[in-house]
Every structure is written in C-alpha cells, then in structure tokens.
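Take a look at the structure set out below.
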Amino acid sequence: MESKFTGGVLGDLGTNILTVIIVAFSLGIATPWAICLKKKWVAEHTIIDGKQQRFDGTGGALFITYLKWCVFCAITLGIYGLWLPVKYRAWVVEHTHNA
C-alpha cells in the first residue's frame with residue numbers, strides 16, 4: 001500500500017502563518033483552534049496505506065480539555081503535567097481517522 005504526504009510548501013507556510021496570527025491576536029486564548037486548524041490541514045494531506053486521513057477535533061473540545069488538564073495540574077501541584085504530552089498526543093490520535 002502507498003503512504004504519502006501531498007501538502008506543499010505554500011499550503012504549509014500559509015497554515016503556519018494563519019495559526020500564528022490566530023494565537024497572537026487572541027493572546028493565546030484561541031490556541032486550541034489554531035492547533036486544530038493545523039492538524040486538520042496535515043490530515044487532509046496525509047494518505048496512509050492508500051487511505052486519506054481526516055481530523056475531526058474541534059477547538060472548542062480541545063479548549064475544554066485544556067481547562068480540565070489545568071485543573072488537574074493545579075490539584076496535583078503540577079505533577080499531572082508530566083502526563084500532558086501523552087494525553088495531548090492521545091487526544092490528537094483519538095480524533096484522527098481514515099476518511
């Protein structure tokens with residue numbers, strides 16, 4: 001089976017510039033929406049074993065998840081933060097599917 005990435009440099013650059021603008025103008029509050037925008041672009045240009053990928057995560061859902069993670073970090077005095085990279089990756093994979 002064939003696996004490939006079909007995105008181009010201009011699309012990647014444009015998406016990166018847009019995400020930076022979103023984060024900067026929202027003072028970081030819209031970071032979950034910017035992350036989802038980038039993940040969606042990557043998924044739309046990724047084919048694995050001949051199957052197009054699709055990302056269905058939303059900024060609102062990630063924002064709520066971020067808030068939950070912040071509460072857990074506060075309760076555990078930051079210890080929960082050790083698990084955040086894995087939790088974030090699991091969230092992204094959970095919302096990435098074959099189209």
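Values below: all heavy atoms of this structure, side chains included; hydrogens, waters and symmetry mates excluded.
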TODO: Please examine the side chains of F55 and E44, heavy atoms only from C-beta on, and report whether any two atoms are closer than 4.5 Å.
DONE: no

Open item on the list: Quick check for you: to the nearest 0.5 Å, what is the distance between L82 atom CG and T76 atom OG1?
Closed with: 8.5 Å

Task: Same cluster (ILVMFWY, side-chain, under 4.5 Å), I64 and W91 - done: no

- [ ] Start with the C-alpha distance between W33 and F63, add both sets of side-chain angles, then the distance that settles ring pair (Phe, Tyr, Trp, His ring centres under 6.0 Å), and finish with yes or no.
- [x] CA-CA 8 Å; W33 285 269; F63 185 78; 5.6 Å; yes

Open item on the list: Name the residue from V92, L62, D56 that meets the side chain to side chain contact (heavy atoms under 4.5 Å, CB included) definition with K39.
Closed with: V92

TODO: Return yes when atom CG of L10 has more than 12 non-hydrogen atoms of other residues, nucleotides or ligands closer than 6.0 Å, and no otherwise.
DONE: no

Task: L84 side chain near C73 side chain, heavy-atom distance below 4.5 Å - done: yes

Open item on the list: Would you say the rings of W69 and F72 are close, in the sense that their centroids are separated by under 6.0 Å?
Closed with: no

Open item on the list: Using a 3.5 Å distance criterion without hydrogens, assess whether the side chain of Q52 forms a donor-acceptor pair with backbone atoms of A43.
Closed with: yes

Task: Contact summary for P32 and G59, nearest pair of heavy atoms - done: CB-O, 3.5 Å

TODO: Please report the closest heavy-atom contact between I22 and A30, naming both atoms and the distance.
DONE: CG2-CB, 3.6 Å

TODO: Would you mind reporting whether V71 and I75 have side-chain heavy atoms less than 4.5 Å apart?
DONE: yes

Open item on the list: Keeping S3 on the side-chain end and D49 on the backbone end, is there a donor-acceptor pair under 3.5 Å?
Closed with: yes

TODO: Please report the closest heavy-atom contact between T65 and A61, naming both atoms and the distance.
DONE: OG1-O, 2.8 Å

TODO: Hey, could you give me the CD1/CD distance between I47 and E2, rounded to the nearest 0.5 Å?
DONE: 6.5 Å

TODO: Run the numbers on N98 and Q53 for side chain to side chain contact (heavy atoms under 4.5 Å, CB included), then give the verdict.
DONE: CA-CA 5 Å; N98 293 328; Q53 300 297 290; 2.6 Å; yes

Open item on the list: Check this for me: does any side-chain nitrogen of one of K38 and D12 sit under 4.0 Å from a carboxylate oxygen of the other?
Closed with: yes

Task: Non-hydrogen atoms of K87 and Y80 that approach each other most closely - done: CE-OH, 3.4 Å

- [ ] State, with a plain yes or no, whether a side-chain heavy atom of I35 is found less than 4.5 Å away from one of Y66.
- [x] yes

